[in-house]
Participant: 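Just passing along the structure, written as structure tokens.
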Amino acid sequence: MPRGIYECLNCGYREERDSREPLLEGSCPRCGGDMILVGYVEEKAGEAVSQLSKPVQPSPAPEREVPHLPPEVESKLRTFYNLRFAGFDGRVFVFEVDEILESNFEVVLSEMEKLGYWCALKKRHGKVLLLVFPAGEVKPDNRWLPWVFLLATLVTTFFSGYLLALNYIGVLDYYNLPGMRNPYLIALSFSASVMAILGTHELGHKIAAAYHGVRATMPYFIPFPFSLIGTLGAVIRVKSPLPTRNAAIDLGASGPIAGFLVALPVTAIGLKLSVVVPPEMVPATEGGVYFGTNLLFELMTKTVLGIPEDYVIFLHPIAMAGWVGLLVTFLNLIPVAQLDGGHILRAFISERAHRIVTYAAAFILIGMSYLWSGWFIWGLLVLFIGSAGNPGALDEVSPISRTRILLAVLVAVIFVLTATPVPIWTT
């Protein structure tokens, strides 16, 4: 692979690197500025044609025509910005922006995409730069695969619900209490509750993506018959860049808030159906599984059940589904990598600062494994997905609206209320 020749946009420093990325943010060893790709060093017979291991003047090259954007593209751009051409790196056209005429970047991006281009607004050392590059290919969705995964997850969650139903019925029989003893109806109610919470979460993302013109797949549910709830959750894949920081906050917050609003009534109904007994009636046993708690679950327990703190609660499967929904909300709002909380935080800080937060959080999670062994896996997962970084929104110049700031505060409150330091433990 040919090595790339990079030039600092700020001080003009040049060097070659084993990379072909169009822009390397904050990578100049001299001034810390951004470096753009300005050419390549071709390899011949195992030796480089030119060596730029230290700053040198570019070697003479055959004269060739300076590339330009198609006239209709540049003409369209100038209806949105007063700008000056600043350079071309083989793929990305760089302009300095003197004045922004169109404040809604999503309008700009939509019009540019019609012409086959994407663009990005970045602020570098007091300058506003517009990067223009060919739009990436957005492949069509697989029409059948999401439905196959959905049906499979319905089966696995029903099976897990059936096993939970048998345990719940066993508790009713042990204490000779009234209650529904049809395991199939209980399993169906559990499956419906889990799927409603997870599905609403992903639907929230999908609606926010459509609102901002971001292309995203249908939700993919992940069946997993060997887990407590029969699934590992659901995901959607974003197939085009996030246009603005407002859009990033909307996409990050919409899913957790939507799923949270469904988890609240599910949890309340499940708690109402749960078995509550005084501690002296519970036999001492080993090997039991206990669900951790959080501020919201504690508050809902006191509100719905109104029992003394030392009473033992045998959760109804629907209550377990609600508890899982609250836990999923908390996990997704951890402000790292490309989790929902990570997208929200990235809207407020730089990519470099976000990467530092991600790695710090990963090691904190690994350290928390003394509370719950699952945090070790989560820490490793955050390290893995965090290595890819989070490029953030295309427009990092336009301000974040007051509404989105309030939305981020609301999400932070939900994060604190649902925080569960020890999700599960056994005796």
Side-chain angles (χ1 to χ4, degrees), residues 139-169 182-207 209 216-239 251 254-256 258-263 266-267 269-270 289 291-292 315-334 337-340 372-378 380-382 384-385 418 420 423-424 426:
K139 297 181 179 180
D141 293 347
N142 187 308
R143 294 183 178 181
W144 300 107
L145 195 57
W147 296 104
V148 172
F149 276 78
L150 172 62
L151 292 175
T153 307
L154 286 171
V155 172
T156 55
T157 53
F158 181 87
F159 177 73
S160 294
Y162 180 80
L163 297 179
L164 293 174
L166 294 180
N167 288 332
Y168 174 74
I169 294 171
N182 187 323
Y184 300 103
L185 288 179
I186 296 175
L188 181 62
S189 65
F190 171 82
S191 177
S193 299
V194 169
M195 298 298 286
I197 294 171
L198 298 179
T200 305
H201 180 117
E202 299 305 328
L203 185 61
H205 288 314
K206 182 69 174 177
I207 292 174
T217 64
M218 290 294 292
Y220 283 82
F221 290 88
I222 306 173
F224 195 70
F226 306 107
S227 68
L228 179 67
I229 62 172
T231 177
L232 293 179
V235 296
I236 66 169
R237 187 168 65 89
V238 175
K239 302 169 67 176
L251 263 74
S254 56
F260 176 77
L261 292 177
V262 176
V266 168
T267 303
I269 294 170
V289 177
F291 290 88
L315 293 178
H316 188 279
I318 293 179
M320 292 184 184
W323 179 89
V324 168
L326 298 179
L327 178 65
V328 167
T329 299
F330 162 61
L331 294 176
N332 275 281
L333 287 179
I334 297 176
Q338 296 198 32
L339 295 178
D340 296 335
W372 176 52
S373 59
W375 288 131
F376 184 79
I377 304 299
W378 262 93
L380 294 180
L381 180 63
V382 168
F384 175 73
I385 62 177
T418 57
T420 310
I424 297 176
T426 60

Participant: Rounded to the nearest 0.5 Å, what separation is found between the CZ atom of F190 and the CG atom of L163?
Facilitator: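 Spacing of CZ (F190) from CG (L163) equals 10.0 Å.
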Participant: Any side-chain heavy atom of H205 sitting closer than 4.5 Å to one from V238?
Facilitator: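 Of all side-chain heavy-atom pairs linking V238 with H205, none is under 4.5 Å.
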Participant: Locate the shortest heavy-atom distance separating I197 from G325; write the atom from each residue and the value.
Facilitator: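 Nearest pair, atom of I197 first, then G325: CG2-CA, 3.7 Å.
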Participant: Just by modelled atom types, is the S191 backbone N or O under 3.5 Å from a matching donor or acceptor in the T157 side chain?
Facilitator: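 Judged by distance alone, no pair lies under 3.5 Å.
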Participant: Quick check on F159: does its CZ atom have over 12 non-hydrogen neighbours (other residues, nucleotides or ligands) under 6.0 Å away?
Facilitator: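 It does not: F159 CZ has 12 such atoms or fewer within range.
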Participant: So, for A258 and G204, which heavy atoms are closest and what is the spacing to 0.1 Å?
Facilitator: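 Shortest heavy-atom separation between A258 and G204 comes out as CB-CA, 4.3 Å.
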Participant: For residues L339 and L331, report the shortest heavy-atom separation together with the two atoms involved.
Facilitator: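 The pair with the smallest heavy-atom distance is CD1-O, 3.6 Å.
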Participant: Does the T217 side chain pair with the main chain of R237, one donor and one acceptor, at a distance under 3.5 Å?
Facilitator: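 Checking the backbone N and O of R237 against the side chain of T217, a donor-acceptor pair under 3.5 Å is found.
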Participant: Can you tell if the side chain of V324 reaches within under 4.5 Å of the side chain of L228, non-hydrogen atoms only?
Facilitator: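 Not touching, per the 4.5 Å side-chain cut-off.
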Participant: Taking all atoms of both residues into account, what is the closest heavy-atom pair of A209 and A216, and its distance?
Facilitator: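 Nearest pair, atom of A209 first, then A216: CB-CB, 4.1 Å.
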Participant: Might you point out which heavy atoms bring P256 and H201 nearest each other, and give the distance in Å?
Facilitator: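 Reported closest heavy-atom pair: N-CE1, 3.5 Å.
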Participant: Is it true that a side-chain atom of T231 and a backbone atom of I229 form a donor plus acceptor pair closer than 3.5 Å?
Facilitator: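 Not a single qualifying donor-acceptor pair exists.
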Participant: Among T153, L232, V194, T156, exactly one meets side-chain contact (heavy atoms from CB on, under 4.5 Å) together with F221. Which residue is that?
Facilitator: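 Among T153, L232, V194, T156, the one that satisfies the side-chain contact (heavy atoms from CB on, under 4.5 Å) with F221 is T153.
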Participant: To the nearest 0.5 angstrom, please state how far the CZ atom of F158 sits from the OG atom of S189.
Facilitator: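 Interatomic distance, F158 CZ to S189 OG, rounded to 0.5 Å: 9.5 Å.
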Participant: Could you tell me the separation between the CG atom of L315 and the CG atom of N167, rounded to the nearest 0.5 Å?
Facilitator: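 With rounding to 0.5 Å, CG (L315) is 12.0 Å from CG (N167).
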Participant: State, to 0.1 Å, how close P225 and S160 come at their nearest heavy-atom pair, and which atoms those are.
Facilitator: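 That closest heavy-atom pairing would be O-OG, 4.3 Å.
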Participant: About how many Å separate CH2 of W323 and OG1 of T420, when rounded to the nearest 0.5 Å?
Facilitator: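 Result: 6.5 Å between the selected atoms.
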Participant: Using the rule given for side chain to side chain contact (heavy atoms under 4.5 Å, CB included), can you reason through I269 versus H316, listing the C-alpha separation, both sets of side-chain angles and the distance that settles it, and then say yes or no?
Facilitator: CA-CA 9 Å; I269 294 170; H316 188 279; over 6 Å; no
Participant: When you look at Y168 and I318, which way does the side chain to side chain contact (heavy atoms under 4.5 Å, CB included) test go after all the steps?
Facilitator: CA-CA 11 Å; Y168 174 74; I318 293 179; over 6 Å; no
Participant: Passes side chain to side chain contact (heavy atoms under 4.5 Å, CB included), I385 versus Q338? Steps please.
Facilitator: CA-CA 7 Å; I385 62 177; Q338 296 198 32; 5.9 Å; no
Participant: How far does CG of L150 sit from CG of L145, to the nearest 0.5 angstrom?
Facilitator: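 Reported to 0.5 Å precision, the distance equals 11.5 Å.
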Participant: If you define the side chain from C-beta out and look only at heavy atoms, does anything of S254 sit under 4.5 Å from I207?
Facilitator: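 Result no, sub-4.5 Å side-chain heavy-atom pair not found.
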Participant: Test L333 against F260 for side chain to side chain contact (heavy atoms under 4.5 Å, CB included), laying out the working first.
Facilitator: CA-CA 11 Å; L333 287 179; F260 176 77; over 6 Å; no
Participant: How many angstroms lie between CD1 in I236 and CG in L203, if you round to the nearest 0.5 Å?
Facilitator: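 Between atom CD1 of I236 and atom CG of L203 there are 9.0 Å.
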